[in-house]
Protein chains: 2
Amino acid sequence: MPRTPRQPIADLTAHLGYWLRYVSNHVSKAFAHKLEAREVTVAEWTLMRKLYDTDCLAPSRLAEQLGLTRGAITKLADRLITKGLATRTPDLRDARAQTLALSARGRNLVPTLAALAEQNEAEFFDHLSIKERATIERVLRDIVRIRGLKSIPVE
Amino acid sequence: MPRTPRQPIADLTAHLGYWLRYVSNHVSKAFAHKLEAREVTVAEWTLMRKLYDTDCLAPSRLAEQLGLTRGAITKLADRLITKGLATRTPDLRDARAQTLALSARGRNLVPTLAALAEQNEAEFFDHLSIKERATIERVLRDIVRIRGLKSIPVE
DNA sequence: TATTGTTATACTCTATAACTATA
DNA sequence: TATAGTTATAGAGTATAACAATA
């Protein structure tokens, strides 16, 4: 049975992008699995982590800083509020504005989740030498800088 | 206004997992954008790429090799078939079995899409030195090997 | 009974666009 | 008219579980 001739093209595994994605996907999935027991998703964690550092923030500020749309922030915030991990309060000076913050429970949970993040990091990268680690971090940071990448991804 | 004390925890950007995900997400998104003009998604491309190398394959084989469920393969295959890029034919020896293959049009399209993948790769990684590139690829491959990662991600 | 594949359902993540209530 | 936020809708990506046909 004749078939259309196959033009030789590069092996997928010849691409750095392939390996990057392969490993990144697994690291993320493993982290998501660790978060599951706490009923928090990776995207929710990102939002919580940001609020932990800033105390409180307007949805539009969060959208900018996390590289998401305002609608996406609303949805994530809704879920965190439903779970009792965050609060939404109206701004007194501008009736259009809202402020998002962690609830006490949410704030208390962050160190625990951060420990899971550390554990995940260790599982995947602890065997690397200091030098390897430095090279990778530098190269990845360079790509972000050179390509002017915005938006913070989930992790 | 007193608030719950903030326990100091590691900066997100101290994690390799963070940078990996950051860059990987952008590389993938840029690739998805390139594929858009051809009306193919990244997951569809992965399937097409696999079929290009194997000529044809049963859904269950594809599921194993791409690390997806059979249901997911059915859905992806349905879309490719709707677009005229793949075909599904019953197996003559086992009436339960099906065989997926690229259509002539699908097969002809693969080199074009592969060129887009190359272009994407170049945009993000061309500035790396040979040594940097080798280090990263080796480290990522090692992680896959050491951690025994399965499943092929999209890209 | 085990296997192959499909279907039904659901959920996360994210976007776009329309809409509401101010400013 | 511009801005802040929400809501509605949609679609990719993926999973689980139930199911039909066949082995």
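Lettering of chains follows the sequences in order, A, B, ..., and the numbering in each one begins at 1. All figures in this text were calculated on a predicted structure; none of them were measured in a lab.
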B/Ala32 meets the side chain to side chain contact (heavy atoms under 4.5 Å, CB included) criterion, sequence neighbours left out, with B/Val42
When rounded to whole Å, the CG to P distance for the pair B/Asn25 and D/dA12 reads 18 Å
With the side chain defined as heavy atoms from C-beta on, B/Ala72 is closest, among D/dA15, C/dA15, C/dT6, to D/dA15
Whole-Å distance, B/Leu68 CG to C/dG5 C1', equals 15 Å
Note to self: Does C/dT14 have OP1 or OP2 under 4.0 Å away from a side-chain N or O of A/Thr69?
What the structure shows: no
Quiz prompt | B/Gln119 atom CD: more than 12 heavy-atom contacts under 6.0 Å | solution = yes
Taken in chain and number order and not counting sequence neighbours, the residues that satisfy salt bridge (charged side-chain N to carboxylate O under 4.0 Å, His left out) with B/Arg70 are none
Between CD of B/Glu64 and P of C/dT3 the distance, given in whole Å, is 12 Å
With sequence neighbours left out, the residues meeting salt bridge (charged side-chain N to carboxylate O under 4.0 Å, His left out) with A/Lys75 are none
Does A/Thr41 make a side-chain N or O approach to OP1 or OP2 of C/dT12 shorter than 4.0 Å? no
A/Leu35 atom CG is separated from C/dT12 atom C1', nearest whole Å, by 13 Å
Residues at least two apart in sequence or cross-chain that pass salt bridge (charged side-chain N to carboxylate O under 4.0 Å, His left out) with B/Arg38, listed by chain then number, are none
Under a 4.0 Å heavy-atom criterion, the protein footprint on nucleotides 18-23 of chain C, written with B, S and -, is ---BBS
Side chain to side chain contact (heavy atoms under 4.5 Å, CB included) filter on A/Arg79, not counting sequence neighbours, yields A/Thr41, A/Glu44, A/Leu76
The helix from C/dT1-D/dA23 to C/dA23-D/dT1: angle between terminal helix axes, five bp per end, to the nearest 10 degrees, reads 30°
The side chain to side chain donor-acceptor pair (under 3.5 Å) partners of A/Arg133 (sequence neighbours excluded) come to none
By salt bridge (charged side-chain N to carboxylate O under 4.0 Å, His left out), B/Glu118 pairs with (sequence neighbours left out) none
B/Gln98 has its side chain closest, among C/dA15, C/dG5, C/dT7, to C/dG5
With sequence neighbours left out, the residues meeting side chain to side chain contact (heavy atoms under 4.5 Å, CB included) with B/Arg96 are B/Asp94
Whichever of A/Ala97 and A/Asp78 has the more 5' nearest nucleotide on DNA chain D, that residue is A/Ala97
Residue set satisfying side chain to side chain contact (heavy atoms under 4.5 Å, CB included) with A/Glu132, at least two apart, ordered chain then number -> A/Leu128, A/Ser129, B/Arg138, B/Val139
5'-most contact on DNA chain C (nearest-nucleotide basis), B/Ala58 vs B/Lys75, goes to B/Ala58
Here the residues of residues 82-89 of chain A within 4.0 Å heavy-atom distance, strictly under, of DNA chain C are none
Using atom types as modelled and distance alone, determine if a side-chain donor or acceptor of B/Trp45 lies under 3.5 Å from a backbone N or O of B/Leu113. no
